Amino acid sequence: METRYDPKTVEQRWYATWEKAAYFEPRASLTGKTFTISMPPPNITGDLHMGHAMYTLQDVLVRWHRMLGDAVLWVPGTDHAAIATQNVLEKQLSKKGSSKETIGREAWDRMVQQWYDTTGQTILTQMRRLGFSADWSRNRFTMDTDYVAAVNAAFVRFWKAGLIYRGPRIVNWCPRDRSAISDLEVVFVETDDQLYYLDYPVEGGGVISVATARPETMVGDTGVAVNSKDARYRDLVGKMVMLPIVHRPVPIVADDAVEIGFGTGAVKVTPGHDTTDYEIGERQKLEVRNILHLDGRMNIPEVADLDGLKVPQARTRIVEMLRAEGALQKIEPYRHSVGHCDRCNAVIEPLVSSQWWVRMKPLAEPAIRVAEDDMLRFHPERWREQYLRWMRNIRDWCISRQLWLGHRIPVWTCTNGHAVAYLTQPTDCDQCGDSTLTQDPDVLDTWFSSSLWPFATLGWPDSTEDLRRFYPTQVLDTARDILYLWVARMVFMSLHFFNDIPFSDVIIHGTVMAPDGRRMSKSLGTGVDPLVMVDRYGADATRAWCAYFGTSGQDIRFSEEKIKSYQLFANKLWNATRLVIARLPEGSLPIPIDAATLEPADRWMLGRLGAVTRLVSEAFARFEFGPAIDALYEFAWHEFADDYLELIKPRLQAGSGPAETAQSVALHVLEATLRLLHPIMPFVTEELWQRIPHDGESIMFAPWPLPDARLEDPVLLAEMDHLLEVVRAVRNVRHAVDPKVRRQPADLQSPRALLADRVGREYLATLAQLDLSTGLPAGATTRVVVIGQTTVTLGLPSEGGAETQRLGAELRKKLEDIELIQMKLNNPDFTGKAPAAIVERERRRLDEARQAAERLQTLVDPRSG
RNA sequence: GGGCGGUUAGCUCAGCUGGUAGAGCGUCUGCUUUACACGCAGAAUGUCGGGGGUUCGAGUCCCUCACCGCCCACCA
């Protein structure tokens with residue numbers, strides 16, 4: 001074996017082996033249970049980024065459950081991401097001076113198909129490099145024929161249940177995409193703007209002042225609203241005002257949506273272009289006037305000067321006109337949020353348009369209940385409240401988009417005007433038999449189709465074997481930004497179609513930020529390519545980083561050094577394995593451990609393994625991977641390699657008798673540790689596991705280790721701690737006296753090796769009197785070191801220097817501690833009110849501190865001992 | 001406007017039901033000891049964002065302020 005672990009070839013080789021052997025496909029369950037995760041489908045346009053690397057958490061879970069013996073299925077796939085993809089393709093066309101309108105629908109569809117065919121698999125191929133054990137044979141795409149059928153089925157069932165309606169309502173209109181978008185796809189950006197105060201003349205004399213950030217919409221005003229409790233305006237309610245410029249009379253109405261304290265307390269109402277105003281208009285029966293074309297330009301034929309202008313120009317022009325009419329009172333600087341399109345960043349223009357809607361109240365109700373009843377659990381738990389808040393305040397969902405890409409709405413209208421939803425293209429109208437049918441031109445919101453993901457990927461609406469076997473799923477892991485867009489919607493979809501939740505545990509993993517704390521983004525140049533990390537440090541190291549930070553629930557700054565530390569960890573495992581199998585004939589079978597020949601160090605090690613096994617299993621069950629990897633790192637590196645392997649080295653080299661036990665214990669612990677680590681670091685563990693004696697074809701299906709509480713021995717643990725303390729003290733003294741000391745016997749360089757046989761045969765009791773002063777050069781002085789109950793006699797060549805001073809400082813600190821504890825124990829409030837166990841512990845601490853002080857005294861001034 | 005999260009060693013982060021602060025990286029010292037220098041053995045480093053309070057005792061509970069980040073809202 002090489003002295004270094006090289007992830008590259010190992011990863012490639014094992015991944016190919018696993019995939020070829022169909023290891024990622026579900027096997028028969030040994031537990032009677034299944035374990036299913038639907039992978040959040042990445043956008044087909046996207047490149048792999050750190051967000052996807054976080055899916056490592058899902059792989060950890062599925063790999064763990066495979067080892068537990070469950071039938072495991074992790075379903076991968078991709079989403080067509082209608083708006084995003086359309087933007088990409090439109091950009092391509094515009095580069096060539098063309099557009100989708102120019103090439104026409106047919107050519108466009110071909111272009112889309114070609115795009116899907118060529119880019120579809122890239123991101124999934126990249127995921128393989130991270131070792132993801134998803135069942136690629138079940139890969140799904142939201143535009144697959146089967147999936148389209150599921151989308152249509154969902155739509156038709158909603159339709160039949162009366163949950164879908166079409167109607168004109170105010171929507172968020174993106175003038176660039178020329179499509180409606182849902183509330184969730186509007187991002188609000190704080191903008192420095194201006195607030196305009198306009199004076200509208202009131203019928204019978206006087207004016208009423210209104211404040212607005214959008215003066216250009218005044219040409220669409222159909223009312224002025226005041227709060228009914230506002231004494232200032234009470235007498236004006238019911239009167240008419242005359243709009244400037246268009247010279248159209250509109251009524252003053254009372255509506256309590258108006259805040260008395262804001263602006264002037266009077267609001268111009270533009271039901272056609274403002275969500276709030278639309279609602280006021282509905283309540284007050286105000287006329288809805290449209291003043292915009294679908295591309296966002298002014299549609300105001302009665303004012304030739306304005307018609308066809310873009311909004312900013314129209315605003316300037318209207319302000320001039322208002323000023324000329326004396327209707328502009330003042331302008332104030334104003335900061336407020338302006339809605340932008342999530343995808344193309346254009347300013348959203350609310351307008352009234354006929355769209356398809358899903359009635360949300362009946363769907364939300366059960367979705368609220370499952371979270372309240374804790375059937376649906378969130379990790380971290382606080383996301384439950386966020387989910388509930390959204391679900392409780394939900395509004396109807398606008399599911400139609402005026403795009404050229406996506407699932408067409410399966411509604412056909414005949415010449416007699418009968419609109420009906422069909423699963424497939426109908427030949428004649430259900431209602432009148434008319435055979436001239438036209439399909440609705442709109443497509444569905446991407447999230448309508450993706451919210452069917454967990455069951456549509458398993459074959460729904462057909463009752464397939466997969467659906468029966470693997471649905472509902474268990475865990476859904478994703479980033480928080482699609483909690484409402486996707487997670488919440490999957491919940492109510494599943495409750496509607498299955499009367500069951502789609503998954504029982506939702507993990508919201510932290511978002512990876514750039515090292516400087518900014519958002520990771522390609523445009524900012526702050527993105528980190530996970531594949532570059534895989535190239536540099538290996539997939540295992542990259543995964544370990546994700547697992548470490550992923551489930552803390554906190555956003556995390558990217559730290560390459562931490563990934564690197566896991567690369568070194570993999571290397572450590574590699575070398576520890578080299579040592580353990582150095583004297584083992586190739587092809588050896590597992591060696592059973594003979595309990596009768598176990599020595600204290602062996603029992604200590606096995607006990608520690610049991611404790612770590614328990615800790616890791618419990619942490620995994622709580623989805624807390626950070627503490628799990630931490631414990632495994634500490635255990636494998638420091639306890640197993642640094643302590644145990646050093647202790648048994650002499651035995652390993654001896655070759656027989658106790659050597660065999662040491663060998664078999666070391667192998668046993670190593671093998672179990674590899675299994676515990678496998679879900680997080682699959683490659684290096686498989687490679688090493690295959691090189692040591694093992695049972696089975698792959699570590700992927702090796703049984704998950706069970707903790708053996710019988711082996712955990714607190715007394716032994718305390719004794720080992722004591723031993724290691726003795727070792728440390730001896731080293732310190734040596735270091736104090738002469739940092740450069742190196743002499744025969746070499747054992748002082750490696751006191752653990754020196755102590756090993758005492759730990760073994762004579763047990764720790766021999767430590768009571770430990771003489772390390774033999775074999776020293778002439779002129780050595782002798783020191784006696786007391787550590788707890790152990791006396792160590794050391795022979796050392798010269799007196800100490802700087803280190804003795806350090807020990808002096810340590811002694812002073814100890815004396816301070818003693819004083820502090822003393823004070824505490826002298827306080828009757830403490831001894832009277834604190835629990836007895838705590839007081840007892842303080843007493844013990846005091847004793848220990850005194851002993852330590854004594855020891856330090858000896859070291860600082862050898863003559864005093 | 002409302003809500004949530006964060007503020008702990010130089011950096012990145014852990015710290016469960018309150019009992020005198022931990023890890024990794026970095027820094028410093030020594031060591032090429034035949035598993036590993038991608039290593040080993042040691043060391044140093046924190047008024048736990050500020051201020052109050054509860055308590056025998058607070059990083060941990062309560063109040064309050066500040067800053068950073070996120071989410072929600074009919075911010076005319």
Side-chain angles (χ1 to χ4, degrees), chain A residues 1 3-5 188 190 195-196 210-214 217 225 257-259 262-270 274-280 334-337 380 382-383 385-386 389-390 393 480-481 483-484 511 513 515 517-519 537 548-549 552-562 564-582 626-627 630 633-634 641-642 645-646 649 727-728 731-732 734-735 738-742 746-753 802-803 806 817 820-821 824 827-835 837-839 841-842 845:
Chain A
M1 276 171 88
T3 59
R4 283 186 191 180
Y5 171 60
F188 287 92
E190 284 276 305
L195 194 60
Y196 303 80
V210 295
T212 180
R214 303 205 52 193
T217 62
V258 179
E259 237 180 87
F262 190 93
T264 62
V267 188
K268 63 188 269 310
V269 184
T270 322
D274 183 280
T275 318
T276 316
D277 291 4
Y278 183 78
E279 288 171 7
I280 293 175
Y334 185 55
R335 190 170 172 80
H336 66 143
S337 297
R382 67 186 131 92
W383 292 109
E385 283 309 313
Q386 309 273 7
R389 187 170 319 182
W390 184 76
N393 298 322
R480 72 168 116 74
D481 53 337
L483 178 64
Y484 309 134
T511 305
M513 312 298 279
R518 288 188 298 170
R519 186 171 276 283
Y537 309 107
Y548 180 76
F549 288 112
S552 74
Q554 245 21 79
D555 285 353
I556 180 67
R557 295 188 185 197
F558 180 75
S559 50
E560 192 163 340
E561 298 73 28
K562 183 81 176 168
K564 189 173 180 183
S565 77
Y566 288 120
Q567 179 197 22
L568 302 184
F569 180 50
N571 194 58
K572 188 71 191 179
L573 294 169
W574 176 265
N575 279 297
T577 303
R578 283 178 63 209
L579 173 66
V580 173
I581 63 176
D630 244 3
Y633 183 98
E634 161 72 19
D642 288 348
L645 290 183
E646 289 301 332
K649 248 181 197 172
V727 169
R728 203 171 305 121
R731 280 177 179 146
N732 275 338
R734 176 187 59 76
H735 200 265
D738 183 1
K740 293 196 168 57
V741 69
R742 259 217 82 198
D747 51 25
L748 259 190
Q749 292 294 322
S750 184
R752 286 180 199 190
E803 199 65 9
R806 189 191 63 76
D817 284 355
L820 275 170
I821 303 172
K824 208 169 181 180
N827 179 1
D829 277 335
F830 174 69
T831 46
K833 293 180 183 175
I838 298 295
V839 177
R841 197 171 67 190
E842 288 304 310
R845 270 205 188 119

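Just so we're clear, the structure is a prediction, and the values are computed from it rather than from any experiment. All chains are named by letter (A, B, ...) in the order of the sequence lines, taking the proteins before the strands, and each is independently numbered beginning at 1.
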task: Could you please name the option among B/rC25, B/rA35, B/rC13 that lies closest to any side-chain atom of A/S565?
output: B/rC25

query: Pick the nucleotide of RNA chain B nearest each of A/R578 and A/P835; which residue has the one closer to the 5' end?
result: A/P835

- request: Report the nucleotide, chosen from B/rC38, B/rA23, B/rA76, that has the shortest atom-to-atom distance to any side-chain atom of A/F262.
  value: B/rA76

field: Interatomic distance, A/D277 CG vs B/rC75 P [rounded to whole Å]
entry: 11 Å

message: Students often get this wrong, so: under 4.0 angstrom with heavy atoms, is A/P515 touching a base, only sugar-phosphate, or nothing?
response: nothing

statement: Here the distance between atom C1' of B/rG39 and atom CZ of A/F569, to the nearest Å, is 15 Å

message: Counting only side-chain heavy atoms from C-beta out, which of B/rA35, B/rU20, B/rC56 sits nearest to A/D817?
response: B/rU20

- line: Taken to the nearest whole Å, CZ/A/R214 to P/B/rC75 is 14 Å

message: Given B/rU12, B/rU20, B/rA35, identify the nucleotide with an atom nearest to the side chain of A/R557.
response: B/rU12

message: From CD of A/E646 over to C1' of B/rU33, roughly how many Å is that when rounded to an integer?
response: 9 Å

task: Look at the side chain of A/T3 against the base of B/rC36 and say whether a donor-acceptor pair falls under 3.5 Å; ignore hydrogens and angles.
output: no

message: Does A/T511 reach a base, just sugar-phosphate, or nothing at all? Heavy atoms under 4.0 Å.
response: nothing

- request: Could you measure between the two C1' atoms, the one in B/rU17 and the one in B/rC63, and give it in whole Å?
  value: 22 Å

- prompt: Can you check salt bridge (charged side-chain N to carboxylate O under 4.0 Å, His left out) on A/E561 and A/K564, steps first, answer last?
  reply: CA-CA 5 Å; A/E561 298 73 28; A/K564 189 173 180 183; over 6 Å; no

query: Taking side chain as C-beta onward, heavy atoms only, is A/V580 less than 4.5 Å from A/L645?
result: yes

- line: Whichever of A/E259 and A/E842 has the more 5' nearest nucleotide on RNA chain B, that residue is A/E842

- prompt: Is there a side chain to side chain contact (heavy atoms under 4.5 Å, CB included) between A/Q554 and A/F549 once you walk through the steps?
  reply: CA-CA 8 Å; A/Q554 245 21 79; A/F549 288 112; over 6 Å; no

query: With a 4.0 Å cut-off, would you call A/D555 and A/R480 a salt bridge?
result: yes

message: Distance check needed: B/rG26 C1' versus A/L568 CG, whole Å only.
response: 14 Å

- prompt: If you check every side-chain atom of A/I821, which of B/rC72, B/rC13, B/rU20 has the closest atom?
  reply: B/rU20

- prompt: Counting only distance, no hydrogens or angles, is the base of B/rC36 paired donor-acceptor with the side chain of A/K572 under 3.5 Å?
  reply: yes

- prompt: Is A/Y566 touching bases, backbone alone, or none of the nucleic acid, heavy atoms closer than 4.0 Å?
  reply: nothing

Short N-O contact, A/E385 and A/R382, less than 4.0 angstrom: no

query: When rounded to the nearest Å, what value does the distance between P atoms of B/rU27 and B/rG49 take?
result: 27 Å

message: Any heavy-atom pair between the side chains of A/R557 and A/P515 that's under 4.5 Å?
response: no

- request: Taking atom P in both B/rC28 and B/rC36, compute the distance separating them and give it to the nearest angstrom.
  value: 26 Å

- request: Determine the contact category for A/I280: base if any of its heavy atoms lies under 4.0 Å from a base atom, sugar-phosphate if only primed atoms, P, OP1 or OP2 are that close, otherwise nothing.
  value: nothing

A/Q567 CD to A/K572 NZ distance, which is reported to the nearest 0.5 Å: 14.5 Å

message: Do A/F830 and A/I838 have side chains that approach each other closer than 4.5 Å (heavy atoms only, starting at C-beta)?
response: yes

- request: Answer with base, sugar-phosphate or nothing: what part of the nucleic acid does A/A225 contact at a heavy-atom distance below 4.0 Å?
  value: nothing

query: Looking only at atom C1', what distance separates B/rG22 and B/rA37, rounded to whole Å?
result: 27 Å

query: Are A/Y196 and A/Y334 close enough that some pair of their side-chain heavy atoms sits under 4.5 Å apart?
result: no

message: In this structure, how many angstroms lie between the P atom of B/rC75 and the CD atom of A/E279, rounded?
response: 10 Å

task: Look at the side chain of A/A641 and decide which nucleotide, out of B/rU20, B/rA35, B/rC56, has an atom nearest to it.
output: B/rA35

field: Distance, P atom - from B/rC62 to B/rG3, rounded to whole angstrom
entry: 15 Å

task: Identify which nucleotide among B/rU12, B/rC25, B/rA76 has an atom closest to any side-chain atom of A/E561, counting heavy atoms from C-beta outward.
output: B/rC25

Please list, for nucleotides 2-9 of chain B, all pairs of protein and nucleotide N/O atoms separated by less than 3.5 Å.
from: B/rG3; atom 1: O2'; to: A/R389; atom 2: NH1; distance (Å): 3.0
from: B/rG3; atom 1: O2'; to: A/R389; atom 2: NH2; distance (Å): 3.1
from: B/rG5; atom 1: O2'; to: A/Q554; atom 2: NE2; distance (Å): 2.5

task: Could you grab the distance from atom CZ of A/R4 to atom CZ of A/R578, nearest 0.5 Å is fine?
output: 11.0 Å

- prompt: Of the nucleotides B/rC75, B/rG19, B/rA23, which has the atom closest to the A/Y334 side chain?
  reply: B/rC75

task: Looking at every strand, decide which applies to A/F558 at a 4.0 Å heavy-atom threshold: base, sugar-phosphate, or nothing.
output: nothing

- prompt: Under 4.0 angstrom, heavy atoms only, what part of the nucleic acid is A/A266 near: base, sugar-phosphate, or nothing?
  reply: base

query: Considering the options A/W574, A/Y548, A/Y633, which one meets the ring-ring contact (aromatic ring centres under 6.0 Å, His included) requirement together with A/F569?
result: A/Y633

message: I want to check one thing: is the phosphate of B/rC13, taken as OP1 and OP2, less than 4.0 Å away from some side-chain N or O of A/K562?
response: no

- prompt: Considering only side-chain heavy atoms of A/S337, which listed nucleotide, B/rC75, B/rC36, B/rG24, is closest?
  reply: B/rC75

query: So what does the secondary structure string of RNA chain B come out as, 5' to 3', with Watson-Crick or wobble pairs under 3.5 angstrom, [ ] for crossing and | for pairs with another strand?
result: (((((((..((((.....[..)))).(((((.......))))).....(((((..]....))))))))))))....

query: Looking at B/rG24, B/rC75, B/rA41, which one has an atom nearest to any side-chain atom of A/Y633?
result: B/rG24

message: Rounding to an integer number of angstrom, what distance separates B/rU45 and B/rG26 when you compare their C1' atoms?
response: 12 Å

- request: Using atom CZ of A/R845 as one end and atom C1' of B/rG57 as the other, report the distance to the nearest whole Å.
  value: 12 Å

message: Any salt bridge linking A/E842 with A/R845? Criterion: basic side-chain nitrogen under 4.0 Å from a carboxylate oxygen.
response: yes

- request: Would you indicate what A/N571 reaches in the nucleic acid, counting non-hydrogen atoms under 4.0 angstrom: base, sugar-phosphate, or nothing?
  value: base

query: Using the P atom in both, what is the distance from B/rC61 to B/rC70, to the nearest Å?
result: 25 Å

- prompt: Which part of the nucleic acid, if any, lies within reach of A/A213 when heavy atoms closer than 4.0 Å are counted: base, sugar-phosphate only, or nothing?
  reply: sugar-phosphate

message: What I'd like to find out is whether the side chain of A/R214 reaches to under 4.5 Å of the side chain of A/T270, using heavy atoms alone.
response: no

message: Taking the side chain as everything from C-beta on, heavy atoms only, tell me whether A/V267 gets closer than 4.5 Å to A/V210.
response: no

- prompt: In whole angstrom, what separates A/D642's CG from B/rU33's C1'?
  reply: 14 Å

message: Please classify the nucleic acid contact of A/V258 as base, sugar-phosphate, or nothing, using heavy-atom distances under 4.0 Å.
response: base

message: Measuring only the C1' atom in each nucleotide, how far is B/rC56 from B/rU29? A whole number of Å is fine.
response: 43 Å

